[in-house]
Amino acid sequence: MCLAIPMRVLSIDGDTIVAEIDGVKREASLMIIGEEIGVGDYVVVHAGFVISRMDEKEALITLELMKEMKPESATASA
Amino acid sequence: MNYMDEFRDRDVVLGYAAQIRKLSEQRPEPMAFMEVCGTHTMSIYQYGIRSLLPEGVRLISGPGCPVCVTPNRYIDRAIAISRLSDTIITTFGDMLRVPGSSSSLMEERARGADVRIVYSPLDAVAIARKNPCKRVVFLGVGFETTAPAIAASILAATGDGLANYLVLAAHKTIPLPMELLSSDPELKIDGYICPAHVSAIIGANAFRGLAEQRGVPCVVTGFEPADVMQGVEMLVRQVVEGKSRVENQYSRVVTWEGNCKAQSVLAQVFSVCDAEWRGIGVIPGSGLEIAADYAAYDAEKVLPVSVEETREHQGCRCGDILRGKVSPFDCPLFDRACTPESPVGACMVSSEGTCAAAYKYGR
Ligand code: SF4
């Protein structure tokens with residue numbers, strides 16, 4: 001029930017967006033998000049509402065950190 | 001990039017497993033971390049996270065499934081309302097099969113009650129708009145992730161001037177039971193895997209008291225396997241280094257302040273109340289009820305029904321499971337009398353329930 005997934009924004013019409021993940025499209029409301037949302041953004045959708053905008057810069061920072069955990073990078077730095 | 005697959009990299013997951021093992025060797029005493037979000041519970045079972053951790057690092061599932069912590073009394077009230085004439089019950093799917101004291105909404109529907117599953121509470125508002133001669137009652141359960149959506153649906157109904165949309169609210173907030181369980185001497189929790197999407201609303205700052213005053217390390221953690229492993233690694237590191245602070249592993253979605261708009265919608269429509277948690281009992285201040293200004297939308301106030309006497313399910317250990325005291329495998333009914341097809345308790349119904357996750361993915 002709490003499931004909320006990152007979806008890409010396809011279009012915006014007033015307070016409603018259409019977002020997509022793996023070919024599945026969903027409408028979602030912008031009623032409970034204060035941030036500006038644009039087409040192409042990734043958002044987290046829960047129960048028909050956008051609850052957060054995915055910060056792509058932060059995502060890349062986390063991925064960079066995670067990469068250091070890979071065995072090949074461990075041998076490279078050894 | 002879709003922000004899911006990248007966080008499922010097997011090498012990263014195994015890299016963290018090795019790192020956690022190495023770190024934990026620096027501390028001879030075992031450690032235990034609790035997750036309080038059903039999606040984490042699912043993810044931990046689905047990706048076999050426990051099997052990747054050394055013996056000294058244990059994960060415990062807590063009261064993270066909103067359907068599961070909803071007491072029988074609420075289900076019984078929803079059932080009583082579903083028996084009223086000209087009434088449509090609207091709900092998220094998981095609530096349908098949760099057994100109440102003597103029936104479930106699914107059984108009531110088979111007997112003719114109008115019970116409809118919706119994806120969004122706004123769908124319930126749309127049903128109310130289409131059925132002006134009936135009353136439409138939405139079953140408002142869920143934590144801080146879900147409660148703002150329900151609050152927004154009440155605002156939408158107000159905007160439309162709808163008088164036939166009602167909410168039976170049993171929303172709960174998660175930080176207080178976390179505080180309560182952290183002081184349980186039997187559990188000895190060394191840190192929390194803090195919920196991801198609850199934190200998107202309330203912000204990582206909400207756990208500061210827990211970490212800084214009560215000394216329980218907290219890491220806000222995402223749901224993908226690499227997220228969970230990184231979150232556990234951050235917790236182990238805090239314990240080994242003797243630190244206790246809030247860290248935000250899931251910074252791509254969660255900010256320190258949270259979603260201010262959602263918080264203000266919540267504060268507008270709901271007020272804080274005491275709430276009963278299955279297995280834990282009443283926790284003062286841990287619930288949200290519809291505020292006086294919106295009392296006309298409060299099904300509990302508008303629709304007085306007589307509710308049957310509450311009966312607990314014989315032999316079901318959901319209560320102990322929700323407090324992290326036992327695992328599903330300790331329940332004698334698990335996979336015998338109790339399966340997802342014929343659940344005895346709520347923890348076997350919702351896909352986020354600990355018993356359902358354990359049944360689906362095994363050890
Ligand atoms: S296995 Fe079934 S009966 Fe046992 S605790 Fe879980 S839900 Fe209750």
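What's counted below: heavy atoms across the whole structure, side chains too, no hydrogens, waters or symmetry copies. Chain naming here is simple, since letters A, B, ... match the order of the sequence lines and numbering starts at 1 in each.
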Under 4.5 Å to a heavy atom of chain A? For Gln263(B) that would be neither
If you count every heavy atom of other residues, nucleotides or ligands that lies below 6.0 Å from Arg10(B) atom CZ, does the total exceed 12?
no
Measure the shortest side-chain to side-chain distance between Val265(B) and Met31(A) over non-hydrogen atoms and say whether it is less than 4.5 angstrom. no
>> Does atom CG (Asp13(A)) have a neighbourhood of more than 12 heavy atoms from anything else shown, all under 6.0 Å?
In response: no
Does Met66(A) reach the side chain of Gln230(B), with side-chain heavy atoms less than 4.5 Å apart? yes
Of all heavy-atom pairs linking His46(A) and Thr145(B), the shortest is CD2-O, 3.4 Å
Salt-bridged, Lys67(A) to Asp9(B), with N to O below 4.0 Å? no
A cation-pi test, strictly: NZ or CZ of Arg26(A) under 6.0 Å from the centre of the six-membered ring of Tyr119(B) and no more than 45 degrees from its axis. Yes or no? yes
Looking only at Ala262(B), Ser251(B), Ser264(B), the option with the highest number of non-hydrogen pairs under 4.5 Å against chain A is Ser251(B)
Most heavy-atom pairs under 4.5 Å with chain A, out of Tyr250(B), Tyr3(B), Phe7(B), belong to Tyr3(B)
Nearest heavy-atom contact between Ser29(A) and Leu122(B) is CB-CD1, 3.8 Å
Is any side-chain heavy atom of Pro148(B) closer than 4.5 Å to a side-chain heavy atom of Phe49(A)?
-> no
Heavy-atom check, side chain of Met69(A) versus side chain of Asp11(B), under 4.5 Å: no
One should read off an interatomic distance between Ile32(A) CD1 and Ser153(B) OG, to the nearest 0.5 angstrom, of 10.5 Å
Looking only at Leu155(B), Val253(B), Leu266(B), the option with the highest number of non-hydrogen pairs under 4.5 Å against chain A is Val253(B)
So CD1 of Ile33(A) and CD1 of Ile201(B): to nearest 0.5 Å the spacing works out to 7.5 Å
Checking heavy-atom separations under 4.5 Å from chain B, one finds in residues 53-65 of chain A Arg53(A), Met54(A), Asp55(A), Glu56(A), Glu58(A), Ala59(A), Leu60(A), Thr62(A), Leu63(A), Leu65(A)
For this session: For side-chain contact (heavy atoms from CB on, under 4.5 Å), just list the numbers for Asp22(A) and Asn2(B), CA-CA rounded to whole Å, side-chain angles, deciding distance to a tenth of an Å, and then say yes or no.
Result: CA-CA 9 Å; Asp22(A) 291 339; Asn2(B) 68 8; 4.3 Å; yes
Turns out that what part of Met1(B) lies under 4.5 Å from chain A's heavy atoms comes down to both
Most contact-rich option vs chain A, by heavy-atom pairs under 4.5 angstrom, among Cys65(B), Ala152(B), Gly93(B), is Ala152(B)
Heavy-atom nearest pair, Ala200(B) first then Ile51(A), reads CB-CD1, 4.4 Å
Within-4.5 Å side-chain heavy-atom neighbours: Tyr42(A) and Arg252(B): no
Measuring only between side-chain heavy atoms, which start at C-beta, is Ile21(A) closer than 4.5 Å to Met4(B)?
yes
Heavy-atom nearest pair, Ala47(A) first then Pro121(B), reads O-CD, 3.5 Å
